[in-house]
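Contents: one structure, followed by commentary.
Residue numbers start from 1 in every chain, and the chains themselves are labelled A, B, ... in the order their sequence lines are given, proteins ahead of strands.
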Amino acid sequence: MELSKNYIPSVTEARWYKHWTEKGYFKSRPDERPPYTVVIPPPNVTGVLHMGHTLNETVQDILVRKARMSGFNACWVPGSDHASIATEAKVVQMLKEKGIDKNELSREEFLKYAFEWKDKYGDIIYNQIEKLGCSVDWERVTFTMDDHYYKSVIKVFIDLYNKGLIYRGARMINWDPAAKTALSDEEVEFKDIIGKLYYLNYILVDDEGQLKESTPNSVNSQNAAFNFITIATQRPETIMGDTAICVNPNDERYKHLKGKFAIVPLINRRIPIIFDEYVDPVFGTGALKVTPAHDINDYNLGLKHHLEVVDTLNPDGTLSAAAQIYIGEDRFVARKKIIAELQEKGFLINEEEYASRLGHSQRSGAVVEPRISTQWFVKMKELARPALNAVVDGEIRIHPGDKFLATYKYWLENVKDWCISRQLWWGQQIPAWYDEKGNYVVAETYEAAIEKYKEKFGQQLTDNDQLKQDADVLDTWFSSWLWPMEVFKGISDPENHDINYYYPTSVLVTGQDIIFFWVARMIMAGMHYRNEKPFSDVYFTGMVRDKLGRKMSKSLGNSPDLLQLIDKYGADAVRFGIMISSPAGNDLLFDEASLEQGRNFNNKLWNALKLVKMWEGRTSTDNTTQEVDDNWRLTDETKLQTGEIEDLAEVEKSRSHHIAIDWFENRLNEVRAEVEVMYSQFKLSEALKSIYSLIWDDFCSWYLEWVKPGFEQRIEEEVYDKTVWFFEELLQMLHPFMPFISEEIYHLLREREDDLCVKQFPKIEAADQNILAAGELLKQVISALRDARNKNQLKPKETIKLHVQSANGSIYKNIEEILAKQINAEKIYHVNDAVPNAIVIAVEKDKFYIECENQIDTESLKNELLKDLQHQKNFLQTVIKKLGNERFVANAKAEIVELEKKKQADAEARIKTIEETLASL
RNA sequence: GGGAGCAUAGCUCAGUUGGUUUAGAGCAUCUGCCUUACAAGCAGAGGGUCCGCGGUUCGAACCCGUGUGCUCCCA
């Protein structure tokens, strides 16, 4: 079979994904194996997968594939989220472009458009998940608005309401004037701004001071007929909502104002001066205007002092009739006009810059208004306690823990009630039913509501129109917090087989930005409804940034298109690129260069395949070592004794191949163990690096070169078989990270029935440290000799004669063949004395002499050796100093002292070698 | 304002209970190679005041204090 020059991902990827799904490898049904369950953090249906998702899905796929290959019944549930606010905004926008006004549609008509939208974008997302190679169970796709899901959300709402954990009430909430809905505290993002502090004069009047017709509604600084109190405010446009001025009771400046009143500029409302320690006398003028309808702190003050609440804003952010002036104008426009008027009329006496933070809606970006509004809330305190304990007690482990544990704890310990109603249509409609007077009952259906109403209010309703359902829907997170349960129908059918088998799930992989929105609340819901954690481990990935460290955003245009990347580099390379630069929990700086590295790695694997395939038909069975037996690793000496082989010289020739095989097998075991530890610590990037290096450096650069037969030469069958086997093992290790190419090469290496995708990992054998050390020494010697060739300008094609002077010459005799091949030596001699007129190299205790025709630059050789000598002597010095320190010898552990002694001996031996080498020059 | 985290090679990061041959990797850089798997490659090299200062210790990249700089969360 002819293999292409380079690996071409596009063809193989589609073919293998189809094969895997046809074979049903990703399908999971409960069985006797232990489950490994992962639920996808549902991407919302508003868009396409961005690089953050790509990282996230890749991490999950690696964990799931690894589990599937390690004896677990792996189940990865895909799905998507209806994303109430975001989707509704997009649908409204889409309708607008079609010339349709949402307000002219009925709820049902609007939802029809929304579901069309969902089908379109849901499919785009699923297509991308597939292209990326994600091994999700496609028969378990769940959407948060699916019928069973919808019903379970309603069921939970009713249940929590009946338990008194959900209530309805008028509270200060965050209002999004663009989306015209309430938001939860978590949906508000604060941004630093440079605002202004405006100093305003309010005219003071006595308590009986009814405003007379003649009272001016302007003051001039020259006009001294009035007394004033000066307040400082950031929001002069809210003065029409002022219902008091508050000062600190201990503030001497204002003590005389007890019982006095002030007049709100422009609208002439008379408001009391109140006293409360809440006010900081140092801030501004020490006098605070109180606007209960538009500030949470003012609202609390208002409750305490029984102040009137005047809401001067409409839901869309324009001024309401209650504002009396600039009615219907946008809050920001009105603000400018009010400032101008205040200035003109002399009320504004000063303004200064002021650093502040302004709340923005996470979804619409609009500046959020604090607003009194009647909404539905979840009482969080009671739900929070078990969720806190689950993490604090270590039942749920967070990775990386040190970073997020404190954040998690703080939030739960200071949790506030959760506003869950949204003034939208896209979502689960709140199951509350009202009569004309506003009395309500909570029930699943209209019929049930009628019954409930009768019970609660003792009234028989005769006419169907008498109860109306709440028009609002629930916060999307109020549905997502049930995700790990309801994807297995754990809420709608709590005792079913699936939920009992798959729950709790194994690991949740998600972004750290939704720790409160989602993670904490899922734990609450899980603890409440199943009395069991929803997952054992939480793995937080970092944020994907561009290579300059900037957040990826549409406006910067620095967010690449996933499908284009896959087209250009292949899915494996994308997965490789994003994982190799993704240290656990840290932000990753995305650079296409790492995808290129992934593509190059594909190619390296491909070429290794080509090399091995070249040997396929060239195996030789004409050798004493042809029989591969279980004891093939026994030393030849042992075999001699047992009579298995009769003559050592006979096997000498293949000896070096055995060393290569021996070494690589142990190296494989060593890395397998390392990778296993990294998996358990979620250090996936590190694991990939280890596998990458094992394949590229150890397998391709060293092992394959060591066993490579000469031009037109045959390869021993045992060596060939072992090589193919090693290759397979490497592909298996790589498979969770790069599933497509590993499967492809696995099948090209050898005709076979099975698939790598579900091949089970072997038991990890311990690595023999002595063999590993021998391999390292060989590599070290080869590198040193190649370096010497380089430095002495020996062309790669020029052959050399190598003389080895070692007290332990047999070591080098055994690896002579490899050594000669690797440094292009035509002949290797073993000597007992220095060889004159040669390039000398000292490695550990051994000396090497390169005999060649070039003029030898003794001077630079000498310098090189002197430099090394100095280094060794300095090192020896520090060791001797340490050992000479009585307190070190007395206090340090015995093995540490022993180690230092060994260091000393080794350094002394190296120094001796170098000195002898120098003497021979 | 409160809290958390980080600072190691040009860049991105490892570095285990403080002792692992006077600090490692990948990428980038430099040198030499079109060597019959691979130039998307091969061989080799250079590169560090472990942020500054002080302390604990026989011994500190690691522990403590402090300063500086960056990032994030919360009000």
Side-chain angles (χ1 to χ4, degrees), chain A residues 3 5-7 185-186 190 296-297 357 400 402-411 414 512-513 515-516 542-543 547-549 569 573 580-589 591 593-594 596-615 677-678 681 683 685-686 688-690 692-693 696-697 700-701 704-705 708 710-712 782-791 793-797 822-824 844 871-879 881-893 895-897 899-900 902-907 910:
Chain A
L3 293 171
K5 182 176 182 329
N6 290 329
Y7 173 65
D185 294 346
E186 289 70 36
F190 287 90
I296 179 66
N297 298 309
R357 283 160 62 95
D402 46 346
K403 235 172 173 171
F404 299 108
L405 200 61
T407 314
Y408 180 83
K409 269 182 75 175
Y410 182 86
W411 190 76
N414 298 280
Q512 48 195 266
D513 49 332
I515 183 166
F516 309 134
M543 188 184 288
K547 61 178 170 182
L548 302 173
Y569 299 98
I580 204 80
S581 50
S582 169
N586 279 8
D587 285 0
L588 82 90
L589 306 187
D591 188 347
S594 64
E596 226 171 281
Q597 196 187 342
R599 184 196 57 189
N600 296 351
F601 184 39
N602 275 340
N603 224 24
K604 189 71 188 176
L605 287 159
W606 189 248
N607 278 295
L609 169 72
K610 275 160 57 181
L611 179 66
V612 174
K613 289 308 270 187
M614 279 174 60
W615 302 341
V677 170
M678 288 162 182
Q681 299 169 336
K683 291 185 174 172
S685 175
E686 299 280 303
L688 176 58
K689 278 177 190 167
S690 291
Y692 174 76
S693 170
W696 196 304
D697 303 328
C700 292
S701 295
L704 286 180
E705 293 297 335
K708 193 187 209 172
F711 191 55
E712 303 275 286
I782 291 168
S783 289
L785 293 173
R786 281 170 170 172
D787 184 31
R789 289 188 58 122
N790 247 344
K791 290 211 167 98
Q793 270 111 45
L794 286 169
K795 294 281 170 214
K797 276 182 180 164
Q822 292 274 278
I823 60 168
N824 197 17
E844 295 295 323
H871 179 261
Q872 296 299 341
K873 279 187 169 169
N874 288 346
F875 174 67
L876 182 61
Q877 227 27 57
T878 64
V879 177
K881 200 176 146 199
K882 211 173 204 178
L883 285 167
N885 185 332
E886 280 172 29
R887 284 190 291 179
F888 168 71
V889 181
N891 291 329
K893 278 183 270 180
E895 59 262 34
I896 300 294
V897 179
L899 185 70
E900 290 301 318
K902 178 153 177 4
K903 283 187 195 174
Q904 181 182 0
D906 288 352
R910 276 195 300 264

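- Among the protein residues, F875(A) comes within range of the nucleic acid bases, having at least one heavy atom under 4.0 Å from a base atom.
- Here N874(A) lies in heavy-atom contact (under 4.0 Å) with a base.
- Phosphate proximity of rA37(B) to K708(A): present, with a side-chain N or O under 4.0 Å from OP1 or OP2.
- If you take CG of L589(A) and C1' of rC11(B), they are 9 Å apart, rounded to a whole angstrom.
- Within 4.0 Å of R357(A), counting heavy atoms only, lies at least one base atom of the nucleic acid.
- Heavy atoms only, all atoms of each residue included: S581(A) and L588(A) are closest at O-CB, 3.2 Å.
- For the salt bridge (Lys or Arg N to Asp or Glu O under 4.0 Å) test, no residue two or more places apart in sequence or in another chain qualifies with K547(A).
- Taking both residues in full, the closest heavy atoms of R786(A) and I823(A) are given as CG-CG2, 4.3 Å, listed atom of the first, atom of the second, then distance.
- Here L899(A) lies in heavy-atom contact (under 4.0 Å) with sugar-phosphate atoms only.
- In this entry the distance linking CG of N600(A) with C1' of rA40(B) reads 4 Å, nearest Å.
- Between the side chain of K547(A) and the base of rU12(B), no donor-acceptor pair under 3.5 Å is found.
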Short N/O separations, protein against nucleotides 55-63 of chain B, under 3.5 angstrom:
unit_1, atom_1, unit_2, atom_2, d
rC58(B), O2', N885(A), ND2, 2.6

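- Residue-level contact check: E186(A) touches neither bases nor backbone, having no heavy atom under 4.0 Å from any strand.
- For the C1' atoms, the distance linking rG2(B) with rU8(B) amounts to 30 Å, nearest Å.
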Exercise for the section: Using Watson-Crick or G-U wobble pairs with both distances under 3.5 Å, give me RNA chain B in dot-bracket, 5' to 3', with [ ] for crossers and | for pairs to another strand. Expected result: (((((((..((((.....[....)))).(((((.......))))).....(((((..]....)))))))))))).
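- In this structure, the separation between CH2 on W411(A) and OG1 on T407(A) is 12.5 Å, given to the nearest 0.5 Å.
- Residue-level contact check: S701(A) touches the backbone only, with heavy atoms under 4.0 Å from sugar-phosphate atoms and none from bases.
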Polar-atom pairs under 3.5 Å, protein N or O versus N or O of nucleotides 23-32 of chain B: list them with distances, or write none.
unit_1, atom_1, unit_2, atom_2, d
rG26(B), O2', Q597(A), NE2, 3.2

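- Y569(A) pairs by the ring-ring contact (aromatic ring centres under 6.0 Å, His included) definition with nothing, not counting sequence neighbours.
- The two residues G542(A) and Q512(A) make their nearest non-hydrogen contact at CA-NE2, 3.5 Å.
- Side-chain nitrogen and oxygen atoms of K903(A) include at least one within less than 4.0 Å of the OP1 or OP2 phosphate oxygen of rU20(B).
- For R786(A) and rG44(B), the shortest distance from a side-chain N or O to OP1 or OP2 is below 4.0 Å.
- Contact check, K683(A) against rG15(B): a side-chain N or O comes under 4.0 Å of OP1 or OP2.
- Shown here are the side-chain hydrogen bond (donor to acceptor under 3.5 Å, both in side chains) partners of Q904(A), two or more places apart in sequence or in another chain: E908(A).
- Put simply, NZ on K902(A) is 9 Å from C1' on rU21(B), counting in whole angstrom units.
- With P as the reference atom, rU16(B) and rC72(B) are 27 Å apart, rounded to whole Å.
- When the P atom is used for both rC51(B) and rA14(B), the distance is 14 Å, rounded to whole Å.
- W615(A) comes within 4.0 angstrom of nothing in the nucleic acid, heavy atoms only.
- Across R599(A) and A573(A), no two heavy atoms sit closer than the pair N-CB, 3.5 Å.
- Residue whose closest nucleotide on RNA chain B sits further toward the 5' end, between K791(A) and D185(A): K791(A).
- Partners of W606(A) according to the ring-ring contact (aromatic ring centres under 6.0 Å, His included) rule, which considers only residues two or more places apart in sequence or in another chain, are Y7(A).
- In this structure, the ring-ring contact (aromatic ring centres under 6.0 Å, His included) partners of Y692(A), at least two apart in sequence or on a different chain, are F576(A), F601(A), W696(A).
- When the C1' atom is used for both rA4(B) and rU29(B), the distance is 37 Å, rounded to whole Å.
- On the C1' atoms, rG47(B) is 23 Å away from rU20(B), given to the nearest whole Å.
- One interatomic measurement links the two molecules: CD1 of I823(A) to P of rA43(B), which rounds to 15 Å at whole-angstrom precision.
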Taking N or O atoms only and anything under 3.5 Å, show me the protein contacts with nucleotides 69-73 of chain B, one pair per line.
none

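- Checking rA40(B), rG41(B), rG44(B) against the side-chain heavy atoms of W696(A) singles out rG41(B) as nearest.
- In terms of heavy atoms, K903(A) sits closest to F875(A) at CD-CZ, 3.8 Å.
- Going from the P atom of rG67(B) to that of rG48(B) covers 31 Å, rounded to whole Å.
- Residue contacts shown for K797(A) are limited to sugar-phosphate atoms, with no base heavy atom under 4.0 Å away.
- Each of N607(A) and R910(A) lies near RNA chain B, and the nucleotide nearest R910(A) is the one positioned closer to the 5' end.
- For N602(A) and rA40(B), the CG to C1' distance is 10 Å, given to the nearest whole Å.
- OP1 or OP2 of rC42(B) has at least one side-chain nitrogen or oxygen of K604(A) nearer than 4.0 Å.
- Residues satisfying the salt bridge (Lys or Arg N to Asp or Glu O under 4.0 Å) criterion with E186(A), sequence neighbours excluded, are R521(A).
- For N824(A), there are no side-chain hydrogen bond (donor to acceptor under 3.5 Å, both in side chains) partners, not counting sequence neighbours.
- Summarising the geometry, the separation between CG on L785(A) and C1' on rA45(B) is reported as 16 Å, rounded to the nearest angstrom.
- Taken to the nearest 0.5 Å, the CZ atom of R910(A) stands 9.0 Å off from the NE2 atom of H871(A).
- Distance, K893(A) NZ to rG19(B) P: 9 Å, rounded to whole Å.
- rA40(B) and rG46(B): their C1' atoms are spaced 25 Å apart (whole Å).
- In this structure, the salt bridge (Lys or Arg N to Asp or Glu O under 4.0 Å) partners of K791(A), at least two apart in sequence or on a different chain, are D787(A), E864(A).
- N603(A) places its CG atom 11 Å from the C1' atom of rA39(B), with the value rounded to the nearest Å.
- rG44(B) sits 23 Å from rU21(B) when the C1' atoms are compared, rounded to a whole Å.
- Residue-environment remark: CD (E886(A)) stays at or below the threshold of 12 foreign heavy atoms within 6.0 Å.
- Taking all atoms of both residues into account, the shortest heavy-atom contact from M543(A) to D587(A) is N-OD1, 2.9 Å.
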